[in-house]
Amino acid sequence: MNNSEIAAVQVARLRQATYRPDIDGLRALAVIAVILFHLSPTWLPGGFVGVDIFFVISGFVVTASLAKMGPLPLGQFFGEFYARRMARILPALTLVLVVSVIVATLFIPSAWLSELSNDTARYAFWGLSNWVMQSNTDTYFAPRAEFNPYTHTWSLGIEEQFYLLVPILVFLWVRLTHSGRGLRAFAVATLISLLVLASALGAAWATENWPTVAFYFIGFRFWELGLGVIAFMLTQRFHISTSSHRIRHNATACAGLTLVATGLIYADPHRFPFPWAWVPALGTLLLIGGAHIQPLDPVRRLFASRAPVWIGKRSYSLYLWHWPVFVLMRWTVGLETTLQQCIAIGITATLAFSSYRLVETPLRHHRWLEQRSPVARILLFSLMPLLGFWIASHVFEHQGRYSFSQVTRNSSEWYVPSGKLPFVNPETRQCETDSTREPLANGWTLRFSAKGCATSSSTQKIYVLGDSHATHLTGLIELVTATLGIDSVIYFSPPSCPFLNMRNPMAGARADCLGYYKAATEAIVTSAKPGDVVLLSSFRLDRWANQWGDLGIKDMRAHLFGAYTDTQRNSVIADARTWIMPFVKKDLNVVLVAPTPVFRAPAFRCSDWFNKGNPACSGGLTQERKELELLRAPIIETMRRISNFDAHISIWDPFPVLCPKSTCSAKINDKPLFFDGDHLSAYGNYILHPSLTAYLEKIGSGAVGINIESMYSYPIKVDSDMTNASQILIKGWYPVEPSHAWSTQEAALRLPVPEQCHANTCSAILRFAVFGASSQRNVTVKLNGRTEEKAWQKSITATSDQLQEVEVPLDPKTSSSVVQLSIPTAASPEQLTLSGDTRVLGVALKEIQLREESTTPLRVQ
């Protein structure tokens, strides 16, 4: 017999000598637990520990397999081991990955940060997908683990990386043991034990301080496989009589089963892998029992019976196939109903059993292959992931061509990673743009610089600050830079870090969020110059659902209104002054972005024929405008109160552009306005461009939101000029009366300072009336927008329902000023038994006129 035939005979004898049917039965328990957990975590809350059972089994079985080879030459030892492992793992894995890549490309919409899934697939061909998973820091946009078709390959990556180290140590241990150098063999076993201890201690630390890495990193999972290695080494020399130690065997098996069951039922994913991974790991060790245990006790006999063994032999194929089947159903028809779950199990079983019979078994135990040299087999099996990787790369590169999803086929309408919107008319782009990305604190910045402008570029700059609702404006800001020649900087904060969300004060934010925003604020104040714009945009409402499912909020009104939320908003107003005034003192124009529509379903998951019936889409992609305006009202009021701080603070509201009709829709003309339930799409950015451009141009002219073309050259009648609230910035006024605009107890109006007033002394003449029960009312008129702590103000006594006049000097140092009018008390017509009108009314603005030669000098009292 030649060397290849001898090796084949040795492999056959080894397989027979090391086979333990009860271990196959234990594999069946592990894979069923994992499948049940992935199907519905409520069925078996700790089912995820099935992977830990697999780890311990693998460490034990691989060590047993290596030990039974005996002291073979180094090359033959490693060659035979890796050839057999590759035959065991690679054919089925490559098949599953290639099929999953193709089907996922056809049916899973690919747009926002979906590269995580593709990267996981690419690395999975080489046993490194766990490295991709442990490096993911985006917890909202990137596909969550249960929506990534390749997540489950992380555990295979752990095992494959384990195979790079342990065979070397086991080889030394086997050689030293067979040569009679027991002390040195013990030293090797001790070294492995120390590695196990170090890994376990590291896992305990990382669980608290680095949880994602603790879960996926080989260094923090090595101890589980290492326990199996140590268990075999400690027991391989002991041939204990089964009959004389039957009670001990029964006790250890029962104790092991109890521990495993405890883990399957009670394991806490938030305290994992430490300490909960220890429970199933130790239980598995007790169930295995040792190198020479025979399954004669009742527990092990149960695991060694026909049905568990039959499933256990197919556990690898079941594990490989179940996950992509479940994920693909979550993306398409859903996986919530009993019928859908039964269909998922049926598809999984069909694919797994077919794969086991047609691919896994034939290639693993093929006589012709086993007669080839280890090197030849290694080279042959290495071609499989190489070919699979090439196929996957090709499919990913051309997924827009192959996909059935309109989100993938028209991805530029949904999200453009570069920020440059491809469907914009080139003639509107007056400049080219360069982009640079730089780190800042624990986040980063994206800078757009205008160059080669057809017209002169602006010296003004835009700074965009906030959470993902700031960064989702990337396409819009890049286009503004290209059309107006305004350089811009977008600040990308850590995930889920709102900035002035108008609902909660910043003091309650995470430490990493506060650290980033302090660094960003300091960077803006340091680099910006007077006249620059700071655009503040964050998510300021609540969402019914995120990208992955319903959040269970049944009554959004109750969620947003109430005594607690009112108290929080009062705290927000005080808190906002701390964060905004550094910008104001630098004479920067602060623009608060008002809330945009929010939908009950994510548009990108619910826009194709094969996913519209998904339970995640049941909320629909439309909302009644009245309902959304009601939900926005307290946020808008809070923003108005904050904008009263200073003339440099204003509000830009994209809502009317995104919802021009009585029903708001996430799509317009079959193009998406929103990517998910609340983040803008690329096309939504494009739609907002005219609105933001016009707003920025008004800021540059010093007349933000004010429709006064002649700049006070004639008296402005409220009933004819100020009834269009979208064209004039009136804070706290109600411009709904036929002949005047009523205020509440306090209101403010931004007045532009015309160019001629920067050299001459000008004033604005305000004519108004007061409303109330008493005939005499005290009215305080105050001029804000100055850099001094005190401001110009005047108190007058007005007679109810008679036209009053006050002259307000305009500050020549500013481009616009805020005039505040307030009265001590305000009442509604209903309270005064005059009518059924419930609005609380105070001052009625009638007319504004410019006086270019002011008779009232600007003095600070």
Side-chain angles (χ1 to χ4, degrees), residues 7-28 30 52-72 76-89 158-160 162-178 182 185-186 188-189 191-193 195-196 222-240 242 249 252-253 256 281-296 300 303-304 309 312-313 315-316 364-365 370 374:
V9 172
Q10 289 176 330
V11 169
R13 291 175 178 173
L14 177 63
R15 187 180 301 132
Q16 183 178 8
T18 58
Y19 180 65
R20 286 270 302 274
D22 59 311
I23 291 181
D24 263 338
L26 192 54
R27 285 192 178 104
D52 304 273
I53 297 173
F54 277 125
F55 282 161
V56 177
I57 290 174
S58 293
F60 183 89
V61 171
V62 167
T63 306
S65 176
L66 289 168
K68 292 298 174 63
M69 287 184 183
L72 294 176
Q76 189 177 353
F77 186 91
F78 286 110
E80 194 61 46
F81 171 75
Y82 286 115
R84 286 163 44 212
R85 285 287 92 191
M86 293 172 76
R88 174 78 171 91
I89 294 173
I158 294 288
E159 291 202 27
E160 291 175 56
F162 172 79
Y163 297 151
L164 297 178
L165 172 63
V166 168
I168 299 173
L169 298 175
V170 175
F171 172 78
L172 293 174
W173 178 77
V174 170
R175 292 294 294 267
L176 293 171
T177 299
H178 280 265
F186 178 76
V188 173
L191 174 61
I192 297 175
S193 300
L195 292 175
V196 168
F222 174 86
W223 65 271
E224 296 181 82
L225 294 107
L227 283 178
V229 175
I230 297 300
F232 180 85
M233 288 182 172
L234 293 178
T235 60
Q236 63 90 28
R237 287 195 172 190
F238 299 99
H239 296 265
I240 301 174
T242 302
H249 292 169
T252 57
L282 293 177
T284 303
L285 282 182
L286 293 175
L287 281 171
I288 292 173
H292 302 288
I293 290 292
Q294 296 298 316
L296 300 179
R300 295 189 181 99
F303 282 113
V309 170
K313 287 182 176 181
S315 60
Y316 180 56
R364 183 183 177 191
H365 301 308
E370 290 182 343

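FYI, side chains are in, hydrogens and waters are out, and symmetry mates aren't considered; it's all heavy atoms of this structure. As the structure is a computational prediction, the values presented were derived from the model and not from experiment.
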Which residues pass the ring pair (Phe, Tyr, Trp, His ring centres under 6.0 Å) test with Trp173, not counting sequence neighbours?
none
What closest approach, in Å, do Thr177 and Ala185 show between heavy atoms, and which atom pair accounts for it?
OG1-CB, 3.5 Å
Gap separating the CZ atom of Arg300 from the OG1 atom of Thr252, nearest 0.5 angstrom
4.5 Å
Output the distance between atom OG (Ser315) and atom CD1 (Ile53), rounded to the nearest 0.5 Å.
11.5 Å
Met69 to Arg84 - nearest heavy-atom pair and separation
CE-NH1, 2.6 Å
Test ring pair (Phe, Tyr, Trp, His ring centres under 6.0 Å) applied to Phe54 - qualifying residues, sequence neighbours left out
none
Between NZ of Lys68 and CZ of Phe232, what distance do you get to the nearest 0.5 Å?
5.5 Å
Spacing of OG1 belonging to Thr63 relative to CG belonging to Leu169, to within rounding of 0.5 Å
10.0 Å
What is the minimum heavy-atom distance between Tyr163 and Val62, and which atoms define it?
CE2-CG2, 3.7 Å
Expected output: side-chain Arg20 to main-chain Ile288 donor-acceptor under 3.5 Å
yes
On a heavy-atom basis, which atom in Ala281 and which in Trp223 lie closest, and how many Å separate them?
CB-CZ3, 4.0 Å
May I ask you to decide if the ring planes of Phe222 and Phe162 are parallel, tilted or perpendicular, using 30° and 60° as cut-offs?
tilted
How many angstroms lie between CG in Leu227 and CD1 in Ile192, if you round to the nearest 0.5 Å?
12.0 Å
Rounded to the nearest 0.5 angstrom, the CD1-CD distance for Ile57 and Glu159 is 10.0 Å
For Leu282, all residues meeting side-chain contact (heavy atoms from CB on, under 4.5 Å), sequence neighbours excluded
Leu259, Trp278, Leu285
